[in-house]
**Q** 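Here you go, one structure.
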Amino acid sequence: MRYGTRTHCRRRWSRKGRRPVCKVKIGYKWAYLYVALCPYTGDVFACLLSHLNKVCFDIFIKEFKKHLIKEEIITHHDKLLIIGDGASAHQKQLVEKYGLEWEKLPAACPELNPVERFFEELRKFTANEVFEDIEQIENLIDKLVNEYICNPTAVCKLTLFPYLNT
């Protein structure tokens with residue numbers, strides 16, 4: 001999920017015939033929230049990284065694998081399937097380098113990706129807000145993600161799509 005200092009305006013309620021007002025900041029500092037989650041258990045792993053590229057994706061997958069081993073979700077030799085979209089940074093060989101399996105979702109189908117639903121919830125809290133600097137929005141995102149980490153049931157309710165139960 002890309003986040004930054006530019007205000008993301010969303011729909012707002014207003015009186016009929018009146019245009020809604022929203023404070024706006026035009027900013028161009030961006031970074032990315034990388035998230036891996038398990039819709040069955042509600043386990044969430046997240047990293048804030050500077051770019052959406054192969055280097056940052058490699059860092060994320062490496063740290064994710066460490067998290068899985070530390071939390072005893074898998075051992076060094078277990079296989080785990082990661083489902084992701086077709087972003088150019090999401091490289092199958094980077095995932096398989098760490099002994100994980102990769103399955104790419106069909107193009108233009110965010111409704112099939114559980115993490116997109118998670119991002120949608122986070123965006124509700126960042127929309128229509130003005131952030132003075134990148135650290136301010138990163139602090140908010142960190143707080144929001146930690147709330148979900150502490151509440152795995154909420155993650156399951158958000159992300160356990162019916163097609164995953166078959």
**Q** Rounded to the nearest 0.5 Å, what separates atom CG in Asn53 from atom CD in Gln91?
**A** 10.5 Å

**Q** Spell out, as yes or no, whether a donor-acceptor pair under 3.5 Å connects the side chain of Gln136 to the backbone of Glu132.
**A**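 The answer is yes, because a donor-acceptor pair under 3.5 Å joins these two groups.
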
**Q** Please answer: with hydrophobic residues joined when any side-chain heavy atoms are less than 4.5 Å apart, are Leu49 and Val35 in the same cluster?
**A** no

**Q** Ignoring hydrogens, what is the shortest heavy-atom contact between Ser50 and Tyr32? Give both atom names and the distance.
**A**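 For Ser50 versus Tyr32, the nearest heavy atoms are O-CD1, 3.8 Å.
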
**Q** Are Phe118 and Leu37 side-chain neighbours, meaning at least one heavy-atom pair lies under 4.5 Å?
**A** yes

**Q** Report yes if some heavy atom in the side chain of Val115 is under 4.5 Å from a heavy atom in the side chain of Thr159; otherwise report no.
**A** no

**Q** Heavy-atom distance under 4.5 Å between the side chains of Ile134 and Trp30, does that happen here?
**A** no

**Q** Using the side chain to side chain contact (heavy atoms under 4.5 Å, CB included) rule, take Gln93 and Trp102 through it: C-alpha gap first, then chi angles, then the decisive distance, then the call.
**A** CA-CA 9 Å; Gln93 64 270 21; Trp102 176 260; over 6 Å; no

**Q** Taking only residues two or more places apart in sequence or in another chain, which ones pass ring-ring contact (aromatic ring centres under 6.0 Å, His included) with Tyr34?
**A** Phe60

**Q** Can you check whether Ile73 reaches His67 side chain to side chain, under 4.5 Å on heavy atoms?
**A**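 A side-chain contact under 4.5 Å exists here.
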
**Q** With rounding to the nearest 0.5 angstrom, report the OG to CZ distance, Ser88 to Phe57.
**A** 11.0 Å

**Q** Say whether Leu164 and Phe119 are linked into one hydrophobic cluster, either directly or through other cluster members, by side-chain heavy-atom distances under 4.5 angstrom.
**A** no

**Q** Roughly how far, to the nearest 0.5 Å, is the NZ atom of Lys157 from the CD atom of Glu121?
**A**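 So the gap between those two atoms works out to 12.5 Å.
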
**Q** Can you tell me how far the CD atom of Glu129 sits from the CZ atom of Phe125, to the nearest 0.5 Å?
**A** 11.0 Å

**Q** Verify the cluster assignment for Ile137 and Val130: are they in a single hydrophobic cluster under the rule of side-chain heavy atoms below 4.5 Å apart?
**A** no

**Q** Under 4.5 Å between any side-chain heavy atoms of Asp43 and Pro152, yes or no?
**A** no

**Q** Between CG of Asn146 and CG of Asn151, what distance do you get to the nearest 0.5 Å?
**A** 12.5 Å

**Q** How about CD on Glu72, more than 12 heavy atoms from neighbouring residues, nucleotides or ligands closer than 6.0 Å, or not?
**A** no

**Q** Side chains of Tyr3 and Leu33: does their closest heavy-atom pair fall under 4.5 Å?
**A** yes

**Q** Main chain of Lys54, side chain of Asp58: is a donor-acceptor contact present, judged purely on distance under 3.5 Å?
**A**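 A pair under 3.5 Å: no.
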
**Q** Measure the shortest side-chain to side-chain distance between His90 and Leu52 over non-hydrogen atoms and say whether it is less than 4.5 angstrom.
**A** yes

**Q** Closest heavy-atom contact between Cys56 and His51?
**A** CB-O, 3.3 Å

**Q** Please report the shortest heavy-atom distance between Arg117 and Leu158, naming the atom on each side.
**A**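 Where Arg117 meets Leu158 most closely, the heavy atoms are CG-O, 3.1 Å.
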
**Q** When hydrophobic residues are tied together by side-chain contacts of less than 4.5 Å, even through go-betweens, does Leu160 share a cluster with Tyr163?
**A** yes

**Q** I'd like to check Leu94 versus Lys62 (side-chain heavy atoms, cut-off strictly below 4.5 Å). Are they in contact?
**A** no

**Q** So, taking the atom named CD in Glu96 and the one named CD1 in Ile61, what distance separates them when rounded to the nearest 0.5 Å?
**A** 11.0 Å

**Q** Using a strict 4.0 Å threshold on nitrogen-to-oxygen distance, state whether Arg123 and Glu120 make a salt bridge.
**A**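 Looking at Arg123 and Glu120, the cut-off is not met.
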
**Q** Tell me whether Tyr40 shares a hydrophobic cluster with Leu105, the cluster being built from Ile, Leu, Val, Met, Phe, Trp, Tyr side chains joined at under 4.5 Å.
**A**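 Linked, Tyr40 and Leu105 end up in one cluster.
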
**Q** May I have the step-by-step check of side chain to side chain contact (heavy atoms under 4.5 Å, CB included) for Lys104 and Ile83, ending in yes or no?
**A** CA-CA 6 Å; Lys104 184 177 138 186; Ile83 300 172; over 6 Å; no

**Q** Are more than 12 heavy atoms, taken from residues, nucleotides or ligands other than Glu103, located less than 6.0 Å from that residue's CD atom?
**A** no

